[in-house]
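Here's the structure we're looking at; comments come further down.
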Amino acid sequence: MRPTSARLLNILVPVKSTSDDALEFCRAVDYAVKIRVNPQQTGIDTNVKHSMNPFDEIAVEEAVRLREKLKASVKTIKAVTIGPPKSVDTLRTALAMGADSAIHVEIAESGPSPEPLAVAKTLRAIIEKQNGAATDAKDKIDVVILGKQAIDDDLGVTGQMLAGLLGWSQATFASKVEIDEAKGEATVVREIDGGGEEIKCKLPIVITTDLRLNEPRYASLPNIMKAKKKPIEKLSPADLGIDYTPQLETIKVAEPAKRVGGGKVASVDELVQKLKEAGI
Amino acid sequence: MLSYRLSSPVKLTPVTEHDLAHFSKFLQPSSIISTLSPNPSSQDELAPYNSDWMGRYKGHSTTVLKPKTTQEVSEILKWCNAKRIGVVPQGGNTGLVGGSVPVNDEIVLSLSNLNKVRSFDPVSGILVADAGCILESLTDYVAPHNHIMPIDLGAKGSCQIGGNVATNAGGLRLLRYGSLHGTVLGLEVVLPDGTILDQLTTLRKDNTGYDLKQLFIGAEGTLGVITAVSILTPPAPQASNNVILALPSFDNVLPLYQTVKRHLSEILSAFEFIDRTAYDLAVKHGQGRALSEDDVEGAECFVLVETSGGRREHDEEKLSDLLELLLSADKPLVNTGVLSQSPAQFSSIWALREGVTEAVSKEGKAYKYDISVPLSSFKEVVDNTREHLRSKGLLHDKAVKFVLGYGHVGDGNLHLNVCADAYLPEIQDALEPYIYEVVSKYRGSISAEHGIGAMKTHALPYSKSATSIELMKKIKHIFDPQGIMNPGKVLE
């Protein structure tokens, strides 16, 4: 039988710092506009402002909302990122939104971006480190919430790999999350083609967020100030025994062919002739 | 002083089928939309050209011409001048004072088909573009060259550069880059008799006598038709940030402006004021995402501060220091605020300010006053107007619903909006000349950036002396002796 004392949740929120390109000047809300392929055709132009991957922002928001709902049952919310020194800004944003502490796995500015499998292994190492050291079940990480994909590389597999590596439940593309910490269960509505699918999973769990899950809050000034004082633990890949040497090679990234404008025809005959010319 | 009475100077002639036949000699069929024969269009097709976007002004034009070249504009004007047919130049038709719609049955001359960029010099940043180019598409055009347009408005997706110049539009970047009188380097204008005045120079400095182009900037199409613009675009800032601050009292706005100016100095690019009513309306109508309940509690007004600079770390450090100073002060000027963390939030914060105009239109019928008054009087003007309407028994659900203020603190420009259930003569009578008298008392301007259009011709004397108006009429007569250009606008 399950112990009657309420279980405490420790939530880990992995966040990625992604490029948002020239958006900051065009004030558009659509993240997808104006992404440019880099001259080497190996990826998109990343010489631009970085901010938190929007799906990860939703993940942080969801963790904070779970605490607002479950109160003291959520013991800790910890944000984690892997990236160059500058990615600490992304962690500060997560802390300003309501995370308690953060881990920064620091890599070189010039190095390649870690691949999903390596990221999942890093997260596993972090979780095993903390859960291995925990003397009480109440200190163990039992919920991981992360974005379903990053908007720069769009790979969208880290969450699934992590759940596989850990042997945990997984609930992907979440549009609604409810956790019953006493029962050790999560009820998640997943976005599927043409509707939603409601699933019930046992904790521990990996949840990946979809767009409709919530609308992330602004970081208020007092919380931004407080975030500056919250602890960030710095780790190196070596500390975790992870190697970020790429295993994938991107051969070519190309922009979609430019759309050419249509033309007007004056008559049906002209239309038919044009269609014939086009070989239709 | 000799007086030119231009209120009804000459009898203007309506356009006829005979005139259309002439126009079709040099215009393509697609450039003519008319309810007249031989190819009558429906009234519906004319409707968007005959009324402004707020639905406040309605004309009765039968004919819209959409020339594709300056030469075609010239041919049209030459004919209209000879026949004394009134002509209303129209850009994006996004004006707020009824300046771009006919008052009667004048021809609407739409510049939409003059929409090519003529040249851009990435070294000097000088852009030469046709008048019908949409502001946002020009912004997109210069962006890859790391430049931005010196002007930015809420209406950027529809308004055209020619219209911007003709109305001397102000907007959100004026604080940083100055007015169009400074950034416009040259113009190509077709005069009412068809003469093409080519002043499309790309010189930063040109002290050779009278600067004629300045006359057309802000003339609202009463002196001629602007067909192309040469404009200086500044280099794009490498980093932009914005923050919205919640203030417990309007009294804090001015000390805050001083503090912000001192600490941000050259990177300050906007300092916008939104009162609580304007904020609540923007949120109600989904313009940008609202701050949390806790953050807005007890806020009487809001200030949006934007920084634009050359180096992100430098700008963020300055802004962060300022915010820390503001929050840790013994008597804080601000309750709290929100600093954008991503481009999406940056947009969302701007939408709260830029969306007020749209929110007011969605809420009801808007009476818009765009005035320059001393900064310290902003709140007083809004509050007194509200009380004035209350005293007239007009502040209720079926008359005036809201009186709100927002605007460009940095430019001393207040947008005073009165949002009503319907346009009613008694509201109009209560507002005018009341507001103009208030402005006059402060030696302010009855139109800071919206222009005079058809809405404020009668009120011009509140801001301009009789001598000035007399001179304006003389100038009008020199350029347009037949009085065909945008009749009924600017001057009565």
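Sequence lines set the chain letters: A, B, ... in the order given, protein chains first and strands last, and positions in each chain run from 1. If you're wondering where the values come from, they're calculated on a predicted model, not measured in any experiment. What's counted below: heavy atoms across the whole structure, side chains too, no hydrogens, waters or symmetry copies.
The aromatic rings of B/Phe120 and B/His145 are tilted relative to each other, their planes meeting at an angle between 30° and 60°.
Of the atoms belonging to B/Val243, it is side-chain heavy atoms, and not backbone ones, that fall under 4.5 Å from chain A. Heavy atoms closer than 4.5 Å to chain A are found in the backbone of B/Ala290, but not in its side chain. With a 4.5 angstrom heavy-atom cutoff, B/Leu326 does not touch chain A via any of its atoms. Heavy atoms closer than 4.5 Å to chain A are found in both the backbone and the side chain of B/Ser320. In this structure, no portion of B/Ile244 lies under 4.5 Å from any heavy atom of chain A. Proximity to chain A (any heavy atom under 4.5 Å) is shown, for B/Thr336, by both the backbone and the side chain. For a residue to count as touching a neighbouring chain, one of its non-hydrogen atoms must lie under 4.5 Å from one of that chain's; by this rule A/Lys264 does not touch chain B. Only the side chain of B/Leu327 has a heavy atom closer than 4.5 Å to any heavy atom of chain A.
A donor-acceptor contact under 3.5 angstrom links the side chains of B/Asn242 and B/Ser340, judged on distance only. At a cut-off of 3.5 Å, with distance as the only test, no side-chain donor of B/Ser240 or B/Glu306 sits close to an acceptor on the other residue. Side chains of A/Glu233 and A/His104: no donor on one and acceptor on the other come within 3.5 Å.
A salt bridge does not link B/Asp315 with B/Arg311: none of the charged nitrogens is closer than 4.0 Å to a carboxylate oxygen.
With a 6.0 Å cutoff to the six-membered ring centre and a 45° limit on the axis angle, B/Arg353 does not count as a cation-pi contact of B/Tyr406.
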